[in-house]
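Take a look at the structure below.
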Amino acid sequence: MIRVLVYNEFRHEKDPSCRASSIYPDGIHSAIAAFLNKEEDISVTTVTLENIETGITREILRNTDVIVWWGHMAHGDVPEHIAAMVQEEVLNGMGAIFLHSGHKSKPFMRLMGTSCSLIWRESDDLERLWVSAPGHPIAQGLPAYFELPGEETYGEPFGIPAPDETVFVGWFTGGEAFRSGCTWVRGNGKVFYFQPGHETYPTYKDANVQKVIVNAVRWAAPTYRIDNCMDCPNPPKAHTTGF
Ligand code: ZN
């Protein structure tokens, strides 16, 4: 069983003037948990900013295989020590999936070490997502491309380190192109960034988007994990050479 923890700041959906409140009345985290929980090999718990101190602890992260992160307007309210713990657990081996505006979240920026900036516009563009790495596990079961009738436009340059693999390239009717699905390895952990998911569109109800996130959870699940990557072990000579 792959143990998934879905974090969502859960702010836009509580604002009655925001379209997110009618699209995701129970929050984006509940929508993501609902489709992930349909998979027999995945079990999901959720946490929001309101209970982040009790919902993201060292103990909970040690019992999490993959964390999924959605944040936007409240990145600054995520405590620094929690961002540091998430970063460390990824280095230890936990998988991490950052969705949409998670590109500016504290844990993602710590893991990338770069600006993670991009250009953006809200103008109801259609997005066409091209599968640029059809052999990648995250792309399995998807068509050559799929479209979202409305999304927030993100564009290059995207201030990330060169990805290990770019699985999706997004094109928008406004003309922009964007590296919409990227993977990295950090320490023992696998990291995936996936761009669609603006709160005012029903993106997480799209079957192809759901497929990408399910595939990404399975891909990011740890294959090797240690307790503390920050340690520098000092073994006796015989331990490493046998002489
Ligand atoms: Zn957005």
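One-based numbering, in listed order, for ligands and for the atoms of each. Since we're looking at a predicted model, the values are computed, not measured.
- Per residue E152, closest N, O or S atom to the Zn ion (ligand 1): atom name OE1.
- Here the two rings, on F178 and Y154, have centers that are under 6.0 Å apart.
- In this structure, K190 fails the cation-pi test against F192, since its NZ or CZ atom is not both closer than 6.0 Å to the six-membered ring centre and inside 45 degrees of the ring normal.
- Geometry about the Zn ion (ligand 1) gives an angle of 110° between ND1 of H198 and NE2 of H100, rounded in steps of 10 degrees.
- Not a single N/O/S atom of E199, whether from backbone or side chain, sits less than 2.8 Å from the Zn ion (ligand 1).
- Checking side-chain atoms of S132 against main-chain N and O of V167 turns up a donor-acceptor pair under 3.5 Å.
- A cation-pi contact links R128 to Y145, judged by a cut-off of 6.0 Å to the six-membered ring centre and 45° from its axis.
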